[in-house]
Amino acid sequence: MEIDSKYKAVWEASTEFLKKGREVDLLHTRVSCDFAMRLLCHESGKEEIVIPSIILHDIGYSVIEEDDLYRKTTYFGVHKGQDTGNGYSKNIKILHMKEGAILARKILELVKYENACIDEIVDIVGYHEDMSAFPPSDMSNVNRIIVSDADKLFRLTAYNFYDILTIHGASVKEAFEYLIEMKDKWLVTKTAVLIAEEELRKIPGSQRFPSLLA
């Protein structure tokens, strides 16, 4: 799905930062944009808030100098109770939101994005993975909910499935069981859950897990 021309300036200004962050960030953001557009077809969010927010949500990783940054921002090891001494870092998650919000405001002002939208977009970028309110439950903030769902839907795709196998050395069974369990914990909207189930069914071997087909 093509990014609408009215968001091209935001996308183009963001790509240099996405390329400097985790190796997955450019792909993750592009796929998440597609999910956001699909969600907006069925949920009542504002496109002019949601799309820039999802484009900008992970640019904060570009300023974080850490070895193996992707491993330190994935949850599978924490979920499995693995030794996370060199793994997941809550501090990095917090920092990427804080730094991302600063960069997001600069980009939006640079491209002269609609001024009335900037504060809400920056707020979403700054709190999109706030662990004190994740997944977001305030249904009055549907824009943040859609951004969160679009972001987390990437975790339910083949891209992340194979990362779980390779980065964490999980078995196919462990990876499927993890994603099936977390699907309803990560996602808020019914539309996102349906998309997640569709994505999981695309992964080879999913037919061995009947709960995906329920």
Side-chain angles (χ1 to χ4, degrees), residues 1 18 21-43 50 54 57-58 61 66-90 92-93 96-97 128-137 144-214:
M1 189 180 295
L18 293 170
R22 304 172 300 176
E23 288 184 11
V24 74
D25 281 338
L26 191 61
L27 171 65
H28 163 60
T29 302
R30 191 66 187 81
V31 172
S32 295
C33 282
D34 289 346
F35 285 137
M37 290 302 297
R38 290 178 65 185
L39 289 166
L40 284 165
C41 290
H42 302 280
E43 306 294 336
V50 170
I54 199 67
H57 79 285
D58 276 345
Y61 284 125
E66 281 279 346
D67 294 331
D68 205 2
L69 186 57
Y70 192 27
R71 179 187 291 273
K72 291 179 180 178
T73 55
T74 58
Y75 294 98
F76 181 79
V78 176
H79 174 78
K80 296 297 290 183
Q82 296 174 357
D83 177 8
T84 57
N86 293 316
Y88 178 76
S89 170
K90 182 179 179 181
I92 290 176
K93 280 288 186 183
H96 100 280
M97 290 185 282
H128 69 276
E129 281 190 297
D130 180 4
M131 297 306 292
S132 67
F134 178 77
S137 58
R144 182 183 170 195
I145 287 171
I146 293 175
V147 171
S148 177
D149 276 359
D151 179 22
K152 299 305 171 284
L153 274 168
F154 184 83
R155 298 182 187 177
L156 283 302
T157 65
Y159 304 110
N160 190 53
F161 178 83
Y162 292 116
D163 284 343
I164 293 171
L165 301 186
T166 56
I167 292 175
H168 295 286
S171 67
V172 170
K173 182 175 184 291
E174 286 177 321
F176 270 119
E177 288 177 344
Y178 168 63
L179 294 179
I180 292 167
E181 177 185 345
M182 300 307 290
K183 168 174 62 70
D184 295 320
K185 295 181 179 180
W186 284 334
L187 303 174
V188 178
T189 65
K190 291 181 180 179
T191 305
V193 172
L194 291 173
I195 293 172
E197 291 169 352
E198 175 187 317
E199 291 296 321
L200 288 168
R201 290 189 192 101
K202 294 177 184 177
I203 301 172
S206 61
Q207 66 276 7
R208 293 164 47 197
F209 299 86
S211 60
L212 288 179
L213 308 174

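Below, each value reflects all heavy atoms present in this structure, side chains not excepted, and no hydrogens, waters or symmetry copies. Remember, it's a predicted structure, so these values are computed and weren't measured experimentally.
Within 6.0 Å of OH on Tyr159 lie no more than 12 heavy atoms contributed by other residues, nucleotides or ligands.
Counting heavy atoms from C-beta outward, Arg208 and Phe176 have side chains that stay 4.5 Å or more apart. Contact of the Val172 side chain with the Phe161 side chain is registered, since non-hydrogen atoms from C-beta on lie closer than 4.5 Å. Taking the side chain as every heavy atom from C-beta outward, Val193 and Glu197 approach each other to under 4.5 Å.
Side chain of His28 to backbone of Asp25: no donor-acceptor contact under 3.5 angstrom is found. Panel note: side chain Asp149, backbone Thr189; a donor-acceptor pair is recorded below 3.5 Å. Put simply, the side chain of Arg71 gets close to the backbone of Ile167: a donor and an acceptor are under 3.5 Å apart. Side-chain atoms of His96 come within 3.5 Å of backbone N or O of Lys93 as a donor-acceptor pair. A donor-acceptor contact shorter than 3.5 Å links the side chain of Thr73 to the backbone of Tyr70. For the pair Ser206 (side chain) and Lys202 (backbone), a donor-acceptor distance under 3.5 Å is absent.
Note that the OG1 atom of Thr74 and the CG atom of Asn160 stand 8.0 Å from one another [nearest 0.5 Å]. Taken from CD1 in Ile54 to CG in Leu40, the straight-line distance is 10.0 Å, to the nearest 0.5 Å. Taking CZ from Phe209 and CG from Leu200, the interatomic distance works out to 10.5 Å, rounded to the nearest 0.5 Å. In this structure, CD1 in Ile92 is found 13.5 Å from NZ in Lys90, a value given to the nearest 0.5 Å. With rounding to the nearest 0.5 Å, the separation of CG in Leu153 from CH2 in Trp186 is 10.5 Å. Annotation: the span from Ile195 atom CD1 to Leu187 atom CG amounts to 9.0 Å, rounded to 0.5 Å.
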Test side-chain contact (heavy atoms from CB on, under 4.5 Å) applied to Lys183 and Leu156, step by step
CA-CA 7 Å; Lys183 168 174 62 70; Leu156 283 302; 4.2 Å; yes

The test is side-chain contact (heavy atoms from CB on, under 4.5 Å); show your working for Glu43 and Ile145 and say whether it passes. CA-CA 10 Å; Glu43 306 294 336; Ile145 287 171; over 6 Å; no

| said: Walk me through whether Asp34 and Arg30 qualify under side-chain contact (heavy atoms from CB on, under 4.5 Å). | reply: CA-CA 7 Å; Asp34 289 346; Arg30 191 66 187 81; 3.0 Å; yes

Practice prompt. Run the numbers on Glu199 and Arg155 for side-chain contact (heavy atoms from CB on, under 4.5 Å), then give the verdict.
Written response: CA-CA 10 Å; Glu199 291 296 321; Arg155 298 182 187 177; over 6 Å; no

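The aromatic rings of Phe76 and Tyr178 sit perpendicular to each other, their planes meeting at more than 60°, with 30° as the lower class boundary.
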